Every structure is written in structure tokens, then in C-alpha cells.
2 protein chains.
Amino acid sequence: MAARATHKTSESSDKVSVICRALRRAIIEQALEPGAKLPEDSLGERFGVSRTIARHALGQLAAEGLVELRRNRIAVVATPSWQEARDAFDIRIQLEGLVVRQLAGKLTKNQIAELNAHVDAEDRARGGTDAVSIRLATEFHILLAQMTSSPILVRYVSEVAYRCCLTLSLYSRPHSTECAINEHRAIIAALAKGDEAKVMDLMHHHLDSVANRALVAPAPQRGRDLLDILAPYADEVTSDRVVKLPKVARHG
Amino acid sequence: MAARATHKTSESSDKVSVICRALRRAIIEQALEPGAKLPEDSLGERFGVSRTIARHALGQLAAEGLVELRRNRIAVVATPSWQEARDAFDIRIQLEGLVVRQLAGKLTKNQIAELNAHVDAEDRARGGTDAVSIRLATEFHILLAQMTSSPILVRYVSEVAYRCCLTLSLYSRPHSTECAINEHRAIIAALAKGDEAKVMDLMHHHLDSVANRALVAPAPQRGRDLLDILAPYADEVTSDRVVKLPKVARHG
DNA sequence: AGCGCTCCAATTGCATGCAGTTTGGCGCTC
DNA sequence: GAGCGCCAAACTGCATGCAATTGGAGCGCT
């Protein structure tokens, strides 16, 4: 029972890691929505630490892509563009393909039981809020990744799954988690049977359908900053006056 | 001065990012070998910043997997296990497959020229040290990733490529970069022709062969004084507080 | 000599303080 | 009323200081 897969890279028990975990969870449960401000002072006060620590935690979360940090500006919860969301799902499909390929036919009975227990928990949570359902669904995938015992794979799958979580809260409409739960069960079954091709296919379609359910309109561009949109166009302008557009209000 | 296409996500111009870049480069050029100690004091002294900043930089590099951080212990350059190295290459193959799939047939003339120029540089560097060759080869892949304009893909490919760099310095024998250079040229050609299947295949075999050439047997490393190693990297730091000469005696 | 203990230098963990930058509101002008 | 500039509050960037922990040298015991 080697469940003690503590990542040596980070996530020990120092204060920074605690704050990271708390914020990460708050973000993926949508308690903190994309764009929410995260001033160092407030965080420090809230968690009973100094600004130094809060700052460090924000740095870590920025490295994971959950938080956006701009010099001299208040940190905010990341608001991925639609295209970034799409990219994140593409990457996720590849990575989780790697996971199930490694896992097919190699799961112990205990592991299968653990997975089933998790999905049961997802089932029980169906009555609750969407946020909790989404978190549990995400954690199912992370649990799978952990079973590979590959720290690198765990880290990347976790990160990208959290990112996808974030985009779900931005672009998805009221959620229907039930089919996802069934797909989870199907994946477990195929993994147990050791049918690698089948499980790869299942996982691919599972993630693809989640992505498609979530990322509906090709051009919502909600919450996207005008300057970002115009950035590629400004590159071709040679005048030095393009740098500063007046503060144009977003229509909306 | 030409407009810098710096990504805003991180790597701006604050001191932490500068130190991260310097250390990252020192690590992938094997000036800092896996296992090398990175005390906050020494880093701060060398780069002319306070320990707070050095610490923050170490945190970022740890998040990228280049540095290992253990509570109350001196940070060290990461020493991936052989298995982790193998996993990193597997992930890399998947991610770079995504890159070339997106890029096949979509490159502009300028981009193709840029790629060719880079490989030319690799060619010229063949007489130099292995470290530089390895860095250039890695940067070729990162350059490809950047052409997807997908920040997420760029970040993950960069990270995992750096990690692979690290393992190369641990497990590879005297390098033969020439075939890699030819493979780079072949990839460019296939990308330009838009032959997606071909380029996927080429990239897959390219990375696989690099991995197989590299991951053979461990090689022992010798240690050097940190401050000496970092001397050339500290030049980029613009601070009057930079300490010019090491004043820490090496053992013996 | 070999083994364990103690103690101190080295180093990290964290808070606080100060300086520089951004934000947003207020009043002034047109 | 809309725009512009100014100023204080809020906030970040960074250095420094102090307490806690580590590890290793030196010392004594067996």
C-alpha cells in the first residue's frame, strides 16, 4: 500500500503548500471565479501568514497556470481564452492516453476497488452542487494518473486537468455529470479487462465529449482583453504610438 | 529596438524571472550538474539580490521540475531517476506530436526560414561542446512549439524538453548530434510539405532515438564550486550589488 | 580505532519594513 | 456632462532581521 506518494517536488507541509492547496481547491470549485482578484495582503490575512508567503504561493499557482501574475498588479484567477481551453483539452487527451495505456491490465484489485469507490462518491454527489461534481470528476482522472506511479505524469495530468476545470467554469453551461460518471465506470471496466485499445478509445471519447459539451461556442471571447485581441495586429505597425491605446471600455 | 514577443504569462523582467532564466540555462548547459547544491544565500550573493528573491526563483524552478526542494534542506538541481527520464520522453513524444500535427502545412515562409536558420546554427555548433549542441537541439523543439502560438503547449513542451536535457546530462555518453541535426532538417521538410503522417512519424522516431541513445547507463559526475560556475551567468544581471568575485572558499 | 554525543556554524522559514508603482476618486476645465 | 490631471490609498517589489532546523566537526566514551 504505497498510497504515500508524496511529491517531493513541492506540496510538503510548509505554509506555502497549504495555501496553494486551499487556493487551488477554491479555484476549481469555482468559489473563486476566473478574474477574481487575489491581493497578497488579503490572502496573508485570511490564512494567517505574511505577505511573503502569500506571494510565494501565488507564484506557484501562476507556474501551474491557475493564476495570472502581472508586474505591479494584483494577481487574478486565470481566465483562459477559448483557444487555450481547447489546447488544454488536446494536451489532456494525449497525456491521459499515456496514463491508460500504462495502466491497462496492470491494476491491482485494491486499485480497482479504490477507483470504484471514487466513482461511487461521484454518484452520491450528484445531488450536490456542480462545483463538487466537477471537482470529483477531475480527481478521478488524477487518481488514475497517480496509479501510474510516475510523478511527472501525475504532475502534468493534474495541472492540465485543473486548467480544464477552470475553463469548464468559464464556458460550460449547467452541467450534466451523469454520462461522465458512466464513462468513468466504463473506463474502469476496460482497464480491469486489460483491453488497451478499448480503454484508449473510451478515454479519448470521454475527454472529447467533455470538451465538446463544455466548449460550445467558437467565439465567446468573454472576459478577453481588447489589448490581447489586438496584439497580433499591433505587431505589424511600426509606429511607436501603438503601445498605449486609451482605456477603451469593453462593450458589455 | 525590436519589439520583444515576450510571453506575459511569466518570464517578464523582474528579478525572479531573470534568475530563473540564468539558472535554467546553467542547468541545461550542464554548468550546474544534477545534484549540485543551490543555497539561497550564495545565489542571492551571486546575482546581487536578496535571499527572498533567490528563494522565489528556486520555487519556480522546482515547479518546473528542474530543482528539488526539501524542507529545511539546501535546494539541489534535480536528479531524475532513469524511470522518470523515460516517462519524460514518453510525455514529450506525445506533446511534440501535437505540435507537429498542428504545424504540418501551416508554416509560413518566414517560419521555415527561421527553423532552417536555427538548424544551421546547430550545424555550426558541432565543433563546440556537447552542452551547447544539446541546448540548441532542445531550443529547436521549443521553437517549433512556439510556432503553434499555443502558450500552454509552449510551456509544457519547454518544461519537458528541459527535463529531458537534464537527463541527457545524467545518462548520456559522449554525444553524437549529427544524426539529430539531419532529423531536424527532415522534420522541417515534411512540415513544409504538409505531410502530417510523415512528420508525426519522423518526430516520433527522432525523439525515440534520442531517448534510446541517451538512456543507457549512469555516469558519475564531479562537483565544482557554485560561485565559479555561475560567474558567466551573473553577467546578465544588471545590479550594482552583484558580487564580482567569489569569496567562498571551496573545500580543500 | 570506532561509535555516539554535544554544540556551533550554516542554512532555511517566515515576518516586517520601506520604497516604488498602480488604482480610483475628486475636483477642475472645457 | 465628458474629459483630463492630480493626489491619496492600496498594492506590489524587494531587502533585512530573527527564530528554528540541520549537519557536521570535535570530543569523550567504550
Side-chain angles (χ1 to χ4, degrees), chain A residues 8-23 35-63 67-77 225 227 243-250, chain B residues 8-23 35-62 67-77 223 225-227 230 237-243 246-252:
Chain A
K8 58 172 175 245
T9 49
S10 62
E11 305 308 285
S12 22
S13 63
D14 57 48
K15 302 194 179 185
V16 172
S17 305
V18 172
I19 295 178
C20 277
R21 271 193 291 270
L23 285 179
K37 292 182 180 176
L38 302 169
E40 298 171 0
D41 287 328
S42 318
L43 291 176
E45 192 182 358
R46 194 81 191 81
F47 290 106
V49 298
S50 79
R51 221 160 49 75
T52 307
I53 303 308
R55 180 184 185 73
H56 201 95
L58 287 173
Q60 295 296 301
L61 293 173
V67 159
E68 280 170 14
L69 237 39
R70 286 176 341 192
R71 190 181 171 83
N72 285 321
R73 292 232 170 46
I74 303 179
V76 296
V77 176
D225 190 80
L227 290 177
V243 173
K244 213 166 197 171
L245 285 175
K247 195 162 33 172
V248 179
R250 260 186 251 124
Chain B
K8 61 155 181 264
T9 49
S10 60
E11 305 309 285
S12 20
S13 62
D14 59 82
K15 301 193 179 185
V16 172
S17 305
V18 173
I19 295 178
C20 276
R21 270 194 292 269
L23 284 178
K37 290 182 181 178
L38 302 168
E40 298 170 0
D41 288 331
S42 314
L43 291 177
E45 192 183 2
R46 174 46 85 195
F47 290 109
V49 299
S50 81
R51 221 161 50 74
T52 307
I53 303 308
R55 180 185 184 74
H56 201 98
L58 286 173
Q60 295 296 301
L61 293 173
V67 160
E68 279 170 17
L69 240 38
R70 283 170 352 193
R71 187 180 173 87
N72 286 321
R73 294 267 199 334
I74 303 179
V76 296
V77 176
D225 187 274
L226 173 69
L227 293 179
L230 288 182
V237 182
T238 59
S239 165
D240 43 42
R241 295 184 63 257
V242 168
V243 175
K247 55 187 192 183
V248 174
R250 64 182 71 174
H251 308 296

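Letters A, B, ... mirror the listed sequences (proteins, then strands); counts begin at 1. Owing to the predicted nature of the structure, the values given are computational and were not obtained by experimental measurement.
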**OP:** State, yes or no, whether a side-chain contact exists between B:Q60 and A:Q60 at a heavy-atom distance under 4.5 Å.
**Re:** yes

Subject >> Intermediate values then yes/no, side chain to side chain contact (heavy atoms under 4.5 Å, CB included), B:I53 and B:I19 >> reply: CA-CA 9 Å; B:I53 303 308; B:I19 295 178; 4.0 Å; yes

Original post:
For the atom pair CZ (B:R21) and CG (B:L23), what is the distance rounded to the nearest 0.5 Å?
Top reply: 11.5 Å

**OP:** For A:V16, report the nucleic acid contact type (base, sugar-phosphate, nothing); a contact means any heavy atom under 4.0 Å.
**Re:** nothing

Subject >> Atom-pair distance (CZ on A:R70; P on C:dT21), nearest Å >> reply: 17 Å

**OP:** Would you mind telling me which of D:dC14, D:dT12, C:dC14 lies closest to the side-chain atoms of A:S50?
**Re:** C:dC14

Subject >> Nucleic acid contacts of residues 51-59 of chain A, taken as heavy-atom distances under 4.0 Å to DNA chain D >> reply: A:R51, A:R55

Produce the list of close N/O pairs, under 3.5 Å, pairing protein atoms with atoms of nucleotides 20-22 of chain D; give distances to one decimal.
{"from": "D:dT21", "atom 1": "O3'", "to": "B:N72", "atom 2": "ND2", "distance (Å)": "3.4"}

Subject >> Rounded distance in Å - CG (B:L69) to C1' (C:dT11) >> reply: 13 Å

**OP:** Check A:C20 against A:A57 and note the closest heavy-atom contact, atom names and distance.
**Re:** SG-O, 3.6 Å

**OP:** Measure the distance from CD1 on B:I19 to C1' on D:dC14 and round it to the nearest whole Å.
**Re:** 11 Å

Original post:
Looking at CD1 of B:I74 and CG of B:L58, how far apart are the two atoms once the value is rounded to the nearest 0.5 Å?
Top reply: 11.0 Å

Mind listing the side-chain donor-acceptor pairs of residues 37-51 of chain A below 3.5 Å, one per line with the distance, residues two or more places apart or on another chain?
{"from": "A:E40", "atom 1": "OE1", "to": "A:R51", "atom 2": "NH1", "distance (Å)": "2.6"}
{"from": "A:E40", "atom 1": "OE2", "to": "A:R55", "atom 2": "NH1", "distance (Å)": "2.6"}
{"from": "A:S50", "atom 1": "OG", "to": "A:T52", "atom 2": "N", "distance (Å)": "3.2"}

Original post:
Could you give the CD-to-P distance, from A:E45 to C:dC14, as a whole number of Å?
Top reply: 19 Å

**OP:** Can you see which heavy atom on A:A75 is nearest to which on A:V67, and at what distance?
**Re:** CB-CG1, 4.0 Å

Original post:
OP1 or OP2 of D:dA15 less than 4.0 angstrom from a side-chain nitrogen or oxygen of B:K15, does that happen here?
Top reply: yes

Nucleotide N/O of nucleotides 5-10 of chain C paired with protein N/O under 3.5 Å:
none

Original post:
Starting at the 5' end of DNA chain C, which residue's closest nucleotide do you reach first, B:A75 or A:K37?
Top reply: B:A75

**OP:** Please report the closest heavy-atom contact between A:L69 and A:G59, naming both atoms and the distance.
**Re:** CD2-CA, 4.0 Å

